[in-house]
Amino acid sequence: MEPHHSNPIQYFNHLKAFYYVALCESFTRAADKLSLSQSTLSIQVQSLEQQLGFPLLKQNKRRVELTEEGNIIFSYAKSVFATLDDLASAADDIRKRKIKIGTTPTLAQYIVPKVIRKLRSGESGLKVHIFTGQSREVIDRIKNYEYHIGIITRCEYPRDLISLPVAKPKLRFVVNDPRLAAAVDMEDLAGYPIILTDPGSVTRDYLLQEFGKRGISIKICAESENAEIVKGMVNLGMGGAFFPAFAVEEDLREGRFREIALPADLCVHIDVVYMKDRKNLTVVRNFVETFKKHNFFR
DNA sequence: TTTGGGCATTGGGGTGCAGT
DNA sequence: ACTGCACCCCAATGCCCAAA
């Protein structure tokens with residue numbers, strides 16, 4: 001059949017097939033993603049190539065590669081599907097008045113509730129969903145458009161993520177152990193039992209790195225992602241723990257345990273992050289505005 | 001040389017629509 | 001109502017090629 005320039009993309013599904021195959025660099029994986037058979041994709045891509053009048057993909061070793069022309073078509077396909085994605089999430093956003101926030105357990109506990117209260121006072125009817133995980137997991141989910149916004153501890157960000165620094169809380173070392181002086185050197189903590197957050201946590205990695213570069217080996221006596229659990233253990237005198245300032249200020253005031261001053265300036269960065277192409281969503285804009293207007297970290 | 005992963009082809013089944 | 005057409009899809013199979 002003669003390709004006709006006035007009707008170049010007759011079949012949306014074919015473009016979708018091509019787009020996913022190019023994205024996955026594989027017919028099989030794309031088929032899996034689209035819940036179609038590999039043969040279906042193969043035929044749909046062929047059909048698209050026929051309509052356009054030139055090949056889009058070529059076989060290289062064990063991978064599928066875009067031809068030069070395929071690259072051009074792919075860039076258009078990308079914007080088509082990005083636009084569709086925006087459409088879908090905008091529709092969802094309007095329909096459900098929902099915002100999904102990914103954050104760490106500690107931030108979820110001590111900071112996020114305050115944020116939600118402010119947000120909802122500005123926009124009643126807003127539905128807020130809070131999810132917790134480690135910073136890197138949250139980023140993955142933001143990248144997949146599962147969450148609108150992340151409030152996380154700073155780590156490596158992908159290029160298409162926007163980050164807004166919102167706080168730089170000092171990490172406070174707390175114990176319930178009368179034997180420990182009010183101020184000690186980092187070296188004095190060698191072998192001292194310390195309760196850390198779970199492996200993979202940015203704060204944990206940071207602390208291990210800070211001790212590591214001073215050549216101090218610490219004794220991890222327990223691990224938990226839950227700040228209240230860690231506090232409970234500290235309270236029982238099981239060991240010391242590091243908390244971002246906002247998480248322990250009240251406990252220190254109430255004398256549940258005490259802070260041990262360290263010479264090192266230990267701190268983490270808290271950022272609000274979101275995908276670049278979601279910056280214009282109302283819920284995202286409102287959220288960012290709220291964060292710019294108020295200091296939730298006191 | 002064998003094996004297995006990955007794409008293309010084949011043959012078959014289905015739907016919806018338009019013209020008769 | 002019947003028929004042809006364009007499109008949707010699948011399982012099975014064939015074929016190629018790289019790694020073992």
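Chain letters run A, B, ... following the sequence lines, proteins first, then strands; residues in each count from 1.
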Which of these nucleotides, [options], is closest to any side-chain atom of [X]?
X	options	answer
A/Phe27	C/dC10, B/dT9, B/dC7	B/dC7
A/Thr28	B/dG6, C/dC8, B/dA8	B/dG6
A/Ile43	B/dT9, B/dC7, C/dC8	B/dT9
A/Ser42	C/dC8, B/dT9, C/dC9	B/dT9

Atom [atom1] of [X] and atom [atom2] of [N]: how far apart are they, to the nearest Å?
X	N	atom1	atom2	result
A/Phe18	B/dC7	CZ	C1'	16 Å
A/Gln46	C/dC9	CD	C1'	15 Å
A/Leu66	B/dC7	CG	P	13 Å
A/Leu41	B/dG6	CG	C1'	13 Å
A/His14	C/dC9	NE2	P	8 Å

Parallel, tilted or perpendicular: which one describes the rings of A/Phe81 and A/Tyr19, with boundaries at 30° and 60°? parallel
Please evaluate the base of B/dA8 for a donor-acceptor partner in the side chain of A/Gln38 within a cut-off of under 3.5 Å? yes
With A/Arg204, the side-chain hydrogen bond (donor to acceptor under 3.5 Å, both in side chains) member among A/Gln209, A/Glu225, A/Glu223, A/Gln134: A/Glu223
With a 4.0 Å cutoff (strictly under), does any side-chain N or O of A/Thr40 reach OP1 or OP2 of C/dC10? yes
Go through the steps for A/Asp185 and A/Arg214 under the test salt bridge (Lys or Arg N to Asp or Glu O under 4.0 Å), then give the verdict. CA-CA 11 Å; A/Asp185 280 332; A/Arg214 291 170 173 80; over 6 Å; no
For A/Gly70 and A/Phe18, the nearest pair of non-hydrogen atoms, with its separation, is O-CZ, 3.5 Å
